[in-house]
Amino acid sequence: MSFYPRLVTGPPTQDQSERAERVSVTLLCEVRQGSRPWKAARLDDLAPGGFRIAWLPEVRDDLPLRIRIPGLHLLTARVCWSRDNMVGCEFAEPLHPAVFEHIARTTGNGSSV
């Protein structure tokens with residue numbers, strides 16, 4: 001299975017969304033693709049398997065995305081979709097449940113999406 005499936009043009013379907021726990025968060029992080037410079041980005045939505053960030057100009061679906069979330073080690077993700085000033089990504093390795101719960105508890109607004 002390829003790590004780089006084709007870019008999907010929209011957010012996950014309702015069925016896909018219901019399969020994973022997600023929380024609304026407001027968290028500033030840094031992202032980059034390839035050798036491009038690090039850019040600040042706002043992480044708006046988080047699940048153990050992925051996240052949604054505000055628009056990332058010139059995002060490419062064929063390059064892994066690196067993300068630095070404060071307090072965590074460098075994480076790798078793939079771009080799954082981009083639309084309406086949002087980019088949805090899937091972590092290469094899902095967050096450990098305790099890590100996800102900690103981030104959700106300390107940065108989320110407490111509501112599941």
Side-chain angles (χ1 to χ4, degrees):
M1 177 178 208
S2 173
F3 184 69
Y4 306 110
R6 68 179 180 77
L7 183 65
V8 178
T9 58
T13 65
Q14 184 67 20
D15 287 342
Q16 292 168 327
S17 296
E18 290 174 355
R19 283 187 231 152
E21 180 181 1
R22 296 184 304 145
V23 294
S24 177
V25 297
T26 301
L27 178 64
L28 290 179
C29 60
E30 293 182 299
V31 297
R32 76 185 281 179
Q33 279 192 303
S35 61
R36 295 178 184 168
W38 288 97
K39 294 189 178 195
R42 188 183 72 234
L43 196 144
D44 294 325
D45 186 65
L46 181 69
F51 56 93
R52 183 184 73 215
I53 57 174
W55 185 248
L56 180 61
E58 301 174 16
V59 68
R60 294 177 48 185
D61 68 328
D62 63 335
L63 288 175
L65 183 117
R66 307 282 193 246
I67 182 167
R68 291 194 293 210
I69 298 173
L72 298 182
H73 63 282
L74 183 67
L75 300 167
T76 301
R78 71 175 177 86
V79 175
C80 297
W81 57 267
S82 62
R83 191 181 91 186
D84 297 334
N85 296 329
M86 297 179 290
V87 177
C89 301
E90 178 183 43
F91 289 119
E93 296 289 327
L95 295 177
H96 186 279
V99 172
F100 171 72
E101 289 172 15
H102 172 74
I103 296 170
R105 187 173 50 255
T106 59
T107 63
N109 64 17
S111 64
S112 291
V113 186

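Note that these values count all heavy atoms, side chains included, but never hydrogens, waters or copies made by symmetry.
Within the model, atoms CD of Gln33 and CZ of Arg78 stand 12.5 Å from one another, a figure rounded to the nearest 0.5 Å. Interatomic distance, CZ of Arg32 versus CG of Leu74, reported as 9.0 Å (0.5 Å rounding). Going from atom CG of Leu46 over to atom OG1 of Thr26 covers 11.5 Å, rounded to the nearest 0.5 Å. Atom-to-atom distance recorded for Ser82:OG and Ile53:CD1 is 10.0 Å, nearest 0.5 angstrom. We find the CZ-CG distance between Arg52 and Leu43 to be 9.0 Å, quoted to the nearest 0.5 Å.
Residues passing the side-chain hydrogen bond (donor to acceptor under 3.5 Å, both in side chains) test with Arg36: none are found, sequence neighbours excluded. Qualifying side chain to side chain contact (heavy atoms under 4.5 Å, CB included) partners for His96, counting only residues two or more places apart in sequence or in other chains: Ala98, Val99.
For residues 28-49, the set of pairs meeting the ring pair (Phe, Tyr, Trp, His ring centres under 6.0 Å) definition, not counting sequence neighbours, is empty.
Between Leu72 and Leu75, the shortest heavy-atom distance links the atoms CD1-CD1, 4.1 Å. Scanning all heavy atoms of the two residues, the minimum distance from Ala77 to Phe51 falls at CB-CE2, 3.7 Å.
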Indicate every side-chain donor-acceptor pair of residues 64-71 with a distance under 3.5 Å to a residue at least two apart or in another chain.
unit_1, atom_1, unit_2, atom_2, d
Arg66, NH1, Thr76, OG1, 3.3
Arg68, NE, Glu30, OE1, 3.1
Arg68, NH2, Glu30, OE1, 2.8

